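Below is one structure, written out as structure tokens, with a few remarks after it.
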Amino acid sequence: MARKNLLESLMGNDKPASQTADLHAPRYSKGAIGAISRSVADLQARALIEIDASEIDPAGLQDRLETDPAEDEALRASIEEYGQQVPVLVRPHPSQQGRYQIVYGRRRVLALRDLGRPVKALVRNLDDRDLLLAQGQENTARRDLSFIEKANFARQMQEAGYDRKIIGDTLSMDKTLISRLLSVAETVPLQLIETIGAAPSVGRTRWLALAEAIEAGGIELDEVCAMVNLSDAETSDARFEAALNYIRKYTAKPKSAAVTEPQVITSLNGVTIAEVRREKGQTVLKFARSKGKGFDDWLLEALPELHRRYSQPD
């Protein structure tokens, strides 16, 4: 349980980066002292240092919706045998002296903490915006985040107050793709996304289908999540299919009745005024303009008053 809590913490299940204090670049004085300060800062930025894993805290946003215990164990075993080959990136903690926040490399930090080994890390002075850019670019480079994980990351950035240009720069996507990500993330509730998981084989088209099924309405979110949890689905891909099939079944509309013949309305002297057709929950009134002699225009103008008299009879 302790490892699970630690994993959730390092995966970014804490306050958005926008709620932490901004870390601004250090202000240097002029002259020789300023030059020395800048040189020391530059050396520190390029230096690879070792940090106690317990001194590294989470930062940024949640990128992963689930973890693979087998992959985590394989990474730990590899580091145990060959050592840490790739450094992580951290920044000095903006409010706690002597501590750091992870930018990327969370799984390596966890593995090294389990092994009781120090973490080889590069230290960069990054504000919250640059931290998210670095995190997003690292995720893009790995190319293994699923569609919904990217959508969830974009949603978190939007809720943290970042505009779509910054979101696009972070995920290396244009505004059109970002809009598609956000349209899904804003329609599919986070609770359901977390219940389903990463669903790596499910792309944009299928998630849009789920969003459209949800928009059809009439089903409780808790009911869907409970059904998914009670299903026999062992993978997030299977959980997605279970959720989509259940919602579609619940919101399926009965087949519409056969189209009836139109009703003809005539004047007192037997002249056809209009035809009325009722179908699919609508009433369609059709006028023959050549015969109506402006009656349709008069009726359209009189509709508000007629509706008032119908709604509020004297």
Side-chain angles (χ1 to χ4, degrees), residues 1-30 33-65 67 84 86-139 149 152-163 165-167 169-171 190 194:
M1 181 63 69
R3 173 173 173 80
K4 181 176 182 294
N5 293 336
L6 173 61
L7 178 60
E8 291 177 348
S9 175
L10 283 174
M11 285 299 290
N13 291 336
D14 57 336
K15 294 180 179 180
S18 63
Q19 295 181 11
T20 63
D22 288 339
L23 180 66
H24 299 287
R27 297 180 179 178
Y28 305 110
S29 59
K30 296 180 179 179
I33 295 179
I36 293 174
S37 298
R38 286 191 295 273
S39 297
V40 170
D42 290 342
L43 286 173
Q44 290 176 336
R46 291 193 295 269
L48 183 65
I49 66 174
E50 290 190 345
I51 305 173
D52 190 313
S54 64
E55 297 175 352
I56 301 176
D57 296 324
L61 304 178
Q62 179 186 9
D63 52 357
R64 295 290 184 185
L65 288 171
T67 60
Q84 181 188 354
V86 180
V88 305
L89 180 64
V90 300
R91 72 172 181 178
H93 199 293
S95 60
Q96 298 184 35
Q97 184 70 26
R99 298 193 65 80
Y100 300 86
Q101 288 185 327
I102 188 69
V103 179
Y104 56 74
R106 291 172 170 79
R107 294 175 61 237
R108 276 165 277 167
V109 172
L110 281 171
L112 289 161
R113 185 174 294 183
D114 283 351
L115 294 168
R117 296 183 183 181
V119 179
K120 296 177 182 178
L122 294 169
V123 182
R124 296 286 187 270
N125 285 311
L126 303 174
D127 59 20
D128 290 341
R129 174 182 177 277
D130 290 337
L131 182 150
L132 290 178
L133 285 170
Q135 185 181 14
Q137 289 167 0
E138 171 71 3
N139 289 336
E149 285 177 319
N152 190 48
F153 193 89
R155 177 192 59 77
Q156 292 176 83
M157 288 195 68
Q158 180 171 259
E159 291 178 352
Y162 293 94
D163 61 33
K165 182 182 185 306
I166 297 298
I167 299 173
D169 291 342
T170 301
L171 293 174
L190 178 59
E194 292 177 337

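The figures that follow rest on heavy atoms only: side chains count, while hydrogens, waters and symmetry mates do not. This chain uses plain numbering: 1 for the first residue, then up along the sequence. Predicted, not measured: the structure shown is a model, and the values here were computed from it.
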Spacing of [atom1] belonging to [X] relative to [atom2] belonging to [Y], to within rounding of 0.5 Å:
X	Y	atom1	atom2	answer
Glu50	Leu112	CD	CG	10.0 Å
Leu110	Arg113	CG	CZ	6.5 Å
Arg108	Leu89	CZ	CG	9.5 Å

Gln84 side chain to Lys120 backbone, donor-acceptor under 3.5 Å
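Flag set: sc Gln84 to bb Lys120 pair under 3.5 Å.
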
Shortest non-hydrogen separation from [X] to [Y] and the atoms involved:
X	Y	value
Val103	Leu131	CG1-O, 3.9 Å
Tyr162	Ile167	O-CD1, 3.8 Å
Leu48	Pro87	CD1-CB, 3.4 Å
Pro92	Val123	CD-CG1, 3.7 Å
Gln101	Pro94	OE1-CD, 3.4 Å

Among residues at least two apart in sequence or on other chains, which ones pass side-chain hydrogen bond (donor to acceptor under 3.5 Å, both in side chains) with Arg99?
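Arg99 satisfies side-chain hydrogen bond (donor to acceptor under 3.5 Å, both in side chains) with Asp57 once adjacent residues are dropped.
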
Pairing residues for Asp130 by the side-chain hydrogen bond (donor to acceptor under 3.5 Å, both in side chains) criterion, not counting sequence neighbours:
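Partners of Asp130 under the side-chain hydrogen bond (donor to acceptor under 3.5 Å, both in side chains) test: none.
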
Got [X] and [Y] here, is their nearest side-chain heavy-atom distance under 4.5 Å?
X	Y	result
Leu122	Val90	no
Ile166	Asp163	yes
Ile49	Tyr100	yes

Arg91 and its side-chain hydrogen bond (donor to acceptor under 3.5 Å, both in side chains) partner, picked from Asp127, Asn125, Asp128
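Between Arg91 and the candidates, side-chain hydrogen bond (donor to acceptor under 3.5 Å, both in side chains) is satisfied uniquely by Asp128.
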
